[in-house]
Amino acid sequence: MTLKLYNTLTRKKEVFEPQDASNVRMYVCGPTVYDYAHIGNARPVIVFDVLFRLLRHLYGEDHVTYARNITDVDDKIIARAADEDRAISDLTEETTRQFHDDIRALGVLMPEDVNTPGATPSFIEPKATEHIPQMIAMIECLIASGHAYEAEGHVLFDVTSKDDYGKLARRSLDEMEAGARVEVAPYKKGQMDFVLWKPSLAKQPGWESPWGRGRPGWHIECSAMSEAHLGESFDIHGGGIDLLFPHHENEVAQSECAHGGKPFARYWLHNGFLQVEGEKMSKSLGNFVTVRELLDKGWPGEVIRFAMLKTHYRQPINWTQKGLMDAALELQTFANWTSDEDDEPTSDEPASSIVAALSDDLNTPLAVAELHKLVKTFSPGHSDEVKQKGIEQLRNSLRLIGLGELDGYDANKIASTITYGRDGPQIDEARVGQLIAERTAARKTKDFKKSDEIRDQLAEMGIALKDGPDGTTWEVAR
RNA sequence: GGCCACGUGGCGGAGUGGUGACGCAGCGGACUGCAAAUCCGUUUACCCCGGUUCGAGUCCGGGCGUGGCCUCCA
């Protein structure tokens with residue numbers, strides 16, 4: 001199966017050819033830990049989790065290395081900790097824990113899920129604060145090679161020292177300088193030069209360095225951590241499109257200059273942006289949707305994940321309540337088939353149509369369409385053998401996109417929880433049971449007038465009935 | 001202001017030079033006492049204006065709209 005990926009570097013869909021098929025390496029920019037992850041933060045985590053799963057499927061579980069960092073030193077963190085009058089490590093550790101809880105609920109693979117104790121880990125979650133020496137070493141190397149300079153306690157990268165600076169974001173220095181709107185710090189040689197290291201006040205977190213006590217600039221951590229865990233040159237670098245400039249451009253500049261011009265990441269993947277109910281998600285509009293809020297409200301992680309994957313990763317998403325509900329109902333179609341398992345699986349192979357869809361630049365919406373088509377191949381009137389094989393393929397295919405845990409899934413219950421809250425409406429279950437018994441009795445004597453009256457009465461109480469072969473069941477109407 | 005994306009049926013959302021993806025909703029049918037659920041079938045589309053082509057949602061140019069980056073925010 002050929003994997004094709006859209007490479008931001010070339011702005012084309014390309015056939016993916018790893019440097020070393022026995023060790024495919026991917027780096028993704030992770031969160032800055034100072035607050036709950038919002039739905040926009042969750043997107044790259046989910047998208048690249050699917051890619052990680054696909055790579056493991058295509059190249060073998062032992063032949064993929066994935067690094068997704070935690071940024072735990074940053075001015076936003078410093079400011080938040082100061083606001084809340086708490087220790088920085090306290091804030092970053094708690095936020096990291098919350099982040100892990102959230103994404104685990106979204107069905108995202110965690111290092112402990114894939115790493116074997118004692119073996120080389122295939123999933124690393126490096127922290128910036130644990131790589132300060134590597135950052136300092138890289139900065140020293142950049143100074144020594146004439147790409148960086150020290151000024152007033154800062155170390156800055158000289159963008160004019162790299163001929164092809166701007167190649168990833170496709171901007172020229174002239175354009176950027178013409179379009180710049182900010183005042184330039186007086187110690188900068190060029191207005192686009194960016195900080196590699198900056199001095200820290202006594203109160204701020206800092207590390208001793210050749211340039212005094214200070215802390216790293218924003219971009220250097222990813223260059224240092226990817227080098228430490230994936231090497232100077234690796235296959236895939238992922239992140240949100242918003243990071244393209246300046247963050248990723250500057251990573252390229254730092255790494256390639258520190259590595260004697262050796263190419264940095266070979267394939268750059270960027271996920272699209274997200275809006276909420278048609279508006280930009282912003283603090284000023286007060287429409288930030290955190291993963292935690294959605295989970296607390298009663299949206300299962302699988303629904304959030306599925307809603308995300310229904311849109312191609314490069315497209316913008318308009319995140320809406322209706323979209324979530326649609327996703328919840330659609331997921332029921334698959335859960336209907338996968339929930340009851342009795343037979344031992346004979347294979348863990350997903351359907352080739354789903355692998356093919358994912359292999360075409362991670363086309364998850366097409367993969368979902370293929371899942372529906374797969375269900376149609378076995379749903380009604382087929383032999384048990386065909387059905388069994390189909391269900392197995394469906395289950396394996398869902399697992400490939402991280403939706404393998406649908407046992408007990410109940411869209412109606414979800415809808416009811418969302419509508420009425422976790423405690424639900426006040427329902428007198430004994431009374432409901434009594435009415436249903438009365439109705440059943442009426443139906444037995446073919447007194448359908450009375451039977452329908454009772455059903456109407458229950459409907460007014462917010463109860464919907466289902467008459468099945470094994471009797472009548474009820475649920476909260478939505 | 002500069003640079004970059006995106007704009008598909010009532011809604012969501014793939015595709016991207018030549019047979020109407022797929023899902024929801026709607027409509028018709030099966031099932032059901034009637035419904036619900038489930039299953040089967042099915043109507044509706046490519047922002048606007050030019051151009052290229054035998055043929056354009058699909059390529060090119062212009063316009064409009066939305067969004068992103070350039071500046072802390074993903």
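We name chains A, B, ... by the order of the sequence lines, and we start the count at 1 in each one.
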Would you indicate which nucleotide in [options] comes nearest to any side-chain atom of [X]?
X: N336(A); options: rC24(B), rU38(B), rC34(B); value: rU38(B)
X: T311(A); options: rA21(B), rG13(B), rG68(B); value: rG13(B)
X: Q315(A); options: rA36(B), rA14(B), rC34(B); value: rA14(B)
X: K76(A); options: rC72(B), rC22(B), rG68(B); value: rC72(B)
X: R455(A); options: rG68(B), rA14(B), rC34(B); value: rC34(B)

Rounded off to whole Å, could you give me the [atom1]-to-[atom2] distance for the [X] and [N] pair?
X: L274(A); N: rA5(B); atom1: CG; atom2: C1'; answer: 15 Å
X: H270(A); N: rC6(B); atom1: NE2; atom2: C1'; answer: 17 Å
X: K13(A); N: rU58(B); atom1: NZ; atom2: C1'; answer: 13 Å
X: Q332(A); N: rC39(B); atom1: CD; atom2: P; answer: 10 Å
X: K387(A); N: rU38(B); atom1: NZ; atom2: P; answer: 15 Å
X: D361(A); N: rA14(B); atom1: CG; atom2: C1'; answer: 13 Å
X: F288(A); N: rC73(B); atom1: CZ; atom2: C1'; answer: 6 Å
X: L329(A); N: rU38(B); atom1: CG; atom2: P; answer: 9 Å

### Query
Is the closest basic N to carboxylate O distance between R86(A) and E94(A) below 4.0 Å?
yes

### Task
Please determine if K167(A) and E256(A) form a salt bridge, counting it only when a charged side-chain N lies under 4.0 Å from a carboxylate O.
yes

Both distances under 3.5 Å, Watson-Crick or G-U wobble: report the partner of [N], or none.
N: rG1(B); result: rC70(B)
N: rA37(B); result: none
N: rA45(B); result: none
N: rC24(B); result: rG10(B)

What does [X] touch in the nucleic acid at a heavy-atom separation under 4.0 angstrom: a base, only the sugar-phosphate, or nothing?
X: L465(A); result: base
X: P246(A); result: sugar-phosphate
X: R43(A); result: nothing
X: K446(A); result: nothing
X: H38(A); result: base
X: F334(A); result: nothing
X: S451(A); result: base
X: Q275(A); result: sugar-phosphate
X: L371(A); result: nothing

When you compare [N] with [M], how far apart are their [atom1] atoms, in angstrom units rounded to a whole number?
N: rU58(B); M: rG17(B); atom1: P; answer: 11 Å
N: rA25(B); M: rC11(B); atom1: C1'; answer: 7 Å
N: rA14(B); M: rC46(B); atom1: C1'; answer: 12 Å
N: rC69(B); M: rC73(B); atom1: C1'; answer: 12 Å
N: rG7(B); M: rC27(B); atom1: C1'; answer: 29 Å
N: rG2(B); M: rU71(B); atom1: C1'; answer: 14 Å
N: rC24(B); M: rU19(B); atom1: P; answer: 26 Å
N: rA45(B); M: rU8(B); atom1: P; answer: 14 Å

### Task
Find the distance between CD (E84(A)) and OH (Y34(A)) and round it off to the nearest 0.5 Å.
11.5 Å

### Query
Between K280(A) and D74(A), who's closer to the 5' end of RNA chain B by nearest nucleotide?
K280(A)

### Task
Nearest-nucleotide wise, let me know which of N363(A) and F245(A) is further upstream toward the 5' end of RNA chain B.
N363(A)

### Task
Please answer whether rG68(B) and F273(A) are stacked, defined here as ring centres separated by less than 5.5 Å and planes angled under 30°.
no

Does any N or O donor sit under 3.5 Å from an N or O acceptor when you compare the side chain of [X] with the base of [N]?
X: R171(A); N: rC70(B); answer: no
X: R170(A); N: rC3(B); answer: no
X: D452(A); N: rG33(B); answer: yes
X: R314(A); N: rA5(B); answer: no
X: D467(A); N: rC34(B); answer: yes

#### Entry: T311(A) and its side-chain contact (heavy atoms from CB on, under 4.5 Å) partner, picked from R314(A), Q315(A), M308(A)
Q315(A)

### Query
Just to confirm, is there a sub-4.0 Å distance from OP1 or OP2 of rG12(B) to any side-chain nitrogen or oxygen of K322(A)?
no

### Query
Hey, does the side chain of K376(A) come within less than 4.0 Å of rG23(B)'s phosphate (OP1/OP2), counting only N and O?
yes

### Task
Consider only side-chain N and O atoms of E221(A) and T71(A), and report whether a donor and an acceptor are under 3.5 Å apart.
yes

### Query
Going by distance alone, is a donor N or O of one side chain under 3.5 Å from an acceptor N or O of the other, for H372(A) and E330(A)?
yes

### Message
For H237(A) versus C29(A), what's the shortest heavy-atom pair and its separation?
### Response
NE2-SG, 3.6 Å

### Query
Looking at H219(A) versus H248(A), is the centre-to-centre ring distance below 6.0 Å?
no

### Query
In this structure, which one of Y27(A), F16(A), Y6(A) forms a ring pair (Phe, Tyr, Trp, His ring centres under 6.0 Å) with Y267(A)?
F16(A)

